[in-house]
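Everything below concerns the one structure shown next.
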Amino acid sequence: MKQNKSPLSPEEEKLFGDLMPEELNEVLSSGLQRRHFLKLMGLASAGLLVSHMVGAEQLFARSVEFDEIPDLIPTAIENGINVSFKVNSGTKKVLIDSRMTLLDTLRERIGLTGSKKGCDHGQCGACTVIVDGNRVLSCLTLAASCEGKSIITIEGLAKDNELNPMQQAFLKHDGFQCGFCTPGQICSAVALMKEAKEGQASFVTQNIRDQAGAVMLSDEEIAERMSGNICRCGAYPNIVAAIKEAQTGKNIEQNWLFAG
Amino acid sequence: MIPFKFSIAKNQSEALGLIHQHQHAAFLAGGTNILDLMKEHVAQPTEIIDLGRLPLSTIKSTNTGISLGALAKNTETANHPLIRKDYPVLSKAILAGASAQIRNMASNGGNLMQRTRCSYFYDINMPCNKRVPGSGCAAMKGFNRMHAIFGWSDQCVAVYPSDMAIALSALNANVKVMQQNGSERSIPFTDFHVLPKDHPEKDNSLNHGELITSIELPKNNFASHSSYIKVRDRNSYAFALVSVAAGFELEGNTIKTAHIAMGGVAHKPWRALKAEAFLKDKAATFANFIKAADLEMSSAKPLSHNKFKIEMGKQTLIHAFEVALKG
Ligand SMILES: Cc1cc2nc3c(=O)[nH]c(=O)nc-3n(C[C@H](O)[C@H](O)[C@H](O)COP(=O)(O)OP(=O)(O)OC[C@H]3O[C@@H](n4cnc5c(N)ncnc54)[C@H](O)[C@@H]3O)c2cc1C
Ligand code: SF4
Ligand code: FES
Ligand code: FES
């Protein structure tokens with residue numbers, strides 16, 4: 001990851017000043033680096049970030065930049081294929097082994113490690129990304145079949161300094177514990193909003209024949225429609241609350257409290 | 001995964017041409033089954049032909065019913081207004097399978113062609129007649145809780161895993177396929193998948209290199225009295241232990257015809273012909289539902305670990321009948 005040299009916002013500066021004062025000067029002089037994020041994530045799980053919600057959200061929304069991957073010649077590997085597709089806001093052209101999944105291509109060739117490899121067999125949803133508007137599993141997608149397609153990963157959901165409403169809702173409702181399933185959960189939930197708006201049915205939809213348009217999602221509907229995303233930490237109640245808040249736009253009571 | 005050459009077919013004839021050039025070539029649609037099998041070295045194609053660009057993804061009305069393109073996605077099929085209205089049992093069955101992500105990827109043709117989830121079939125260190133003909137069947141005397149209770153042979157006791165296909169069986173669909181010379185043939189759904197007999201390596205009656213182009217659904221008179229019930233180890237995102245697709249053509253309270261198929265019990269969608277014959281022209285009563293279910297399950301032959309599927313099958317049939325009747 002390249003250091004991100006764009007200046008800190010006042011909220012971000014306050015956050016570092018309060019939580020990581022010894023690093024503040026370093027961040028100000030030489031930019032944000034990966035280990036700063038990591039330390040901050042440690043603090044996040046201790047609950048210390050809550051009083052700095054605004055600064056933390058702006059910080060997490062920063063686009064992460066990666067070093068360019070050098071071009072390789074197509075004959076460099078057996079069955080090499082040049083494939084180009086849109087990832088988040090930019091077009092990527094990469095040489096891949098025909099066997100590479102979209103997940104491995106994103107992680108190993110493009111440097112977007114937000115999408116996670118949980119099972120590599122379609123059984124967990126950790127690798128969920130949005131391709132041409134629909135949520136799919138990148139571990140069961142051959143990158144070679146993605147020519148010309150448009151892919152959105154967790155890294156592409158925020159706009160400038162602003163998190164996607166679904167990301168904000170996950171933060172507010174603590175929709176994660178270890179965070180490993182979270183990029184997949186959030187991409188899945190973002191696409192679910194589109195599906196609900198289009199009036200797509202699910203297995204628990206009461207009357208399939210009745211096609212009344214947009215669907216307001218009940219807890220049961222959310223559980224069924226999100227069943228392709230497994231969370232080992234069992235953060236499900238908070239994930240459901242986050243999705244409900246994101247869909248209704250209404251404030252939903254947090255169902256957790258800090259001790260003390 | 002072993003190395004393979006990747007090509008994209010622009011049209012049907014190119015796809016058929018490519019597959020006949022290479023002995024170990026395979027089609028790729030959504031990839032949700034074949035990639036999984038390739039990662040496990042269960043499938044080892046040396047040439048992959050991507051069907052993603054073929055113009056076979058439309059769903060349209062025909063004179064006789066509806067035509068589902070082989071490359072149309074499961075999600076799109078389940079949510080198509082005409083399917084939800086006139087074939088709700090198909091919508092329900094598709095939505096009972098896998099997850100939203102997988103249904104967004106899975107194609108109708110690929111769904112029919114998906115292979116068994118028998119865990120010995122997936123484990124290349126185990127004997128399996130389906131994977132390596134003549135090597136034996138590890139499930140026969142192994143863990144066979146998930147396996148068949150109807151129509152199995154001493155060669156293979158696997159079940160066919162698709163939910164969608166169970167509804168297609170009850171709906172009397174036809175599978176349209178294109179051969180290498182471009183001619184088409186139509187296979188009645190009941191003949192599409194086959195019982196294992198002495199050749200469990202064959203799941204269906206498609207010949208190597210044939211391309212499924214569409215699935216044709218005839219009109220039906222039971223849209224308002226149909227159901228799809230699936231019983232599984234968890235509420236969602238799990239394969240069926242037992243499932244039932246049922247549809248009644250009713251006249252008053254009399255069943256004119258019953259259309260019933262079961263999943264999770266055999267090597268192919270199991271058409272419950274005995275129950276169908278019993279219910280024909282009978283009153284739609286609870287007592288008759290019990291008799292029909294009993295009759296169907298009376299010929300079941302359980303293995304060492306799946307005797308429970310007989311009672312489960314019976315109760316699932318009865319429940320499916322009740323839900324279909326209520327509409
Ligand atoms: C974790 C998981 C859970 C699942 N749960 C369920 C479930 O509960 N119920 C259920 O029903 N299914 C379930 N599935 C299976 C899923 O529905 C199938 O994998 C999917 O339908 C296959 O479609 P595809 O387009 O991805 O096929 P692919 O993987 O692309 O292809 C499968 C096979 O079909 C062949 N093929 C594809 N298209 C054609 C064509 N037009 N003509 C000829 N041959 C063709 C391919 O060569 C390949 O051999 C699950 C899958 C996973 C990974
Ligand atoms: S049941 Fe069939 S698929 Fe399973 S091990 Fe036996 S032969 Fe193989
Ligand atoms: S990593 Fe793709 S579903 Fe688990
Ligand atoms: S937060 Fe740990 S797996 Fe979901």
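Residue numbers start from 1 in every chain, and the chains themselves are labelled A, B, ... in the order their sequence lines are given, proteins ahead of strands. All figures in this text were calculated on a predicted structure; none of them were measured in a lab.
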- Mark yes when over 12 heavy atoms from residues, nucleotides or ligands other than B:Gln21 sit less than 6.0 Å from its CD; otherwise mark no. yes

- Query: Tell me, side chain or backbone of B:Ser224 under 4.5 Å from chain A's heavy atoms, or both, or neither?
  - Reply: both

- Query: Roughly how far apart are B:Asp50 CG and A:Glu147 CD, rounded to 0.5 Å?
  - Reply: 11.0 Å

- Message: If I measure from the heavy atoms of chain A, does B:Leu28 come under 4.5 Å with its side chain, its backbone, both, or neither?
- Response: side chain

- Message: Heavy-atom cut-off 4.5 Å, strictly under: side chain, backbone, both or neither for B:Ala96 against chain A?
- Response: both

- Message: Can you tell me which portion of A:Glu195 sits under 4.5 Å from chain B's heavy atoms? Options are side chain, backbone, both or neither.
- Response: side chain

- Message: Which one wins on heavy-atom pair count under 4.5 Å against chain B: A:Val131, A:Asp120, A:Thr128?
- Response: A:Asp120

- Would you mind checking which part of A:Ser145 comes under 4.5 Å of any heavy atom in chain B, side chain (CB onward), backbone (N, CA, C, O), both or neither? both

- Item | Greater than 12 external heavy atoms within 6.0 Å of B:Phe143's CZ | no

- If you take all heavy atoms of B:Ser236 and A:Glu224, which pair is closest and at what distance? OG-OE1, 2.9 Å

- Against chain A, residues from residues 110-122 of chain B with at least one heavy atom under 4.5 Å, in numeric order, are B:Arg117

- Query: Got A:His121 and B:Glu40 here, is their nearest side-chain heavy-atom distance under 4.5 Å?
  - Reply: yes

- Closest non-hydrogen atoms of A:Gly228 and B:Tyr237, given as atom of the first, atom of the second and distance, are CA-CE2, 3.5 Å

- Looking only at heavy atoms, which of residues 181-194 of chain A get nearer than 4.5 Å to chain B? A:Ser188

- Message: Checking an interface table here. Which of residues 102-109 of chain B come within a heavy-atom distance under 4.5 Å of chain A?
- Response: B:Ile102, B:Asn104, B:Met105

- Do the side chains of B:Lys39 and A:Cys139 get nearer than 4.5 Å, heavy atoms only? yes

- Message: Between B:Ala223 and chain A, with a heavy-atom cut-off of 4.5 Å, which part of the residue counts as in contact: side chain, backbone, both or neither?
- Response: both

- Message: If I take atom CZ from residue A:Arg225 and atom OG from residue B:Ser99, how far apart are they, to the nearest 0.5 angstrom?
- Response: 13.5 Å

- Is the side chain of B:Asp36 donor-acceptor paired with the backbone N or O of A:Gly122 at a distance under 3.5 Å, no angle test? no

- Would you find a donor on one side and an acceptor on the other, under 3.5 Å apart, between the side chain of B:Lys5 and the backbone of A:Asn79? no

- Query: Counting heavy atoms not belonging to B:His41, are there more than 12 under 6.0 Å from its NE2?
  - Reply: yes

- Task: Kindly compute the distance separating CZ (B:Phe6) from CE (A:Met100), expressed to the nearest 0.5 Å.
- Result: 14.0 Å

- Message: Need one label for A:Arg135: side chain, backbone, both or neither, based on atoms under 4.5 Å from any heavy atom in chain B.
- Response: both

- Query: So which heavy atom on B:Arg234 is nearest to which on A:Ile230, and how close?
  - Reply: NH1-CD1, 4.2 Å

- What residue, out of B:Ile2, B:Ile34, B:Ile83, has the most heavy-atom pairs lying under 4.5 Å from chain A? B:Ile2

- What distance do A:Ser227 atom OG and B:Gln101 atom CD have between them, rounded to the nearest 0.5 Å? 8.0 Å

- Item | chain B-proximal positions within residues 203-214 of chain A [heavy-atom distance under 4.5 Å] | A:Phe203, A:Thr205, A:Ile208, A:Arg209, A:Asp210, A:Gln211

- Task: Starting at OG1 of A:Thr101, measure out to CG of B:Leu35 and round the result to the nearest 0.5 Å.
- Result: 8.0 Å

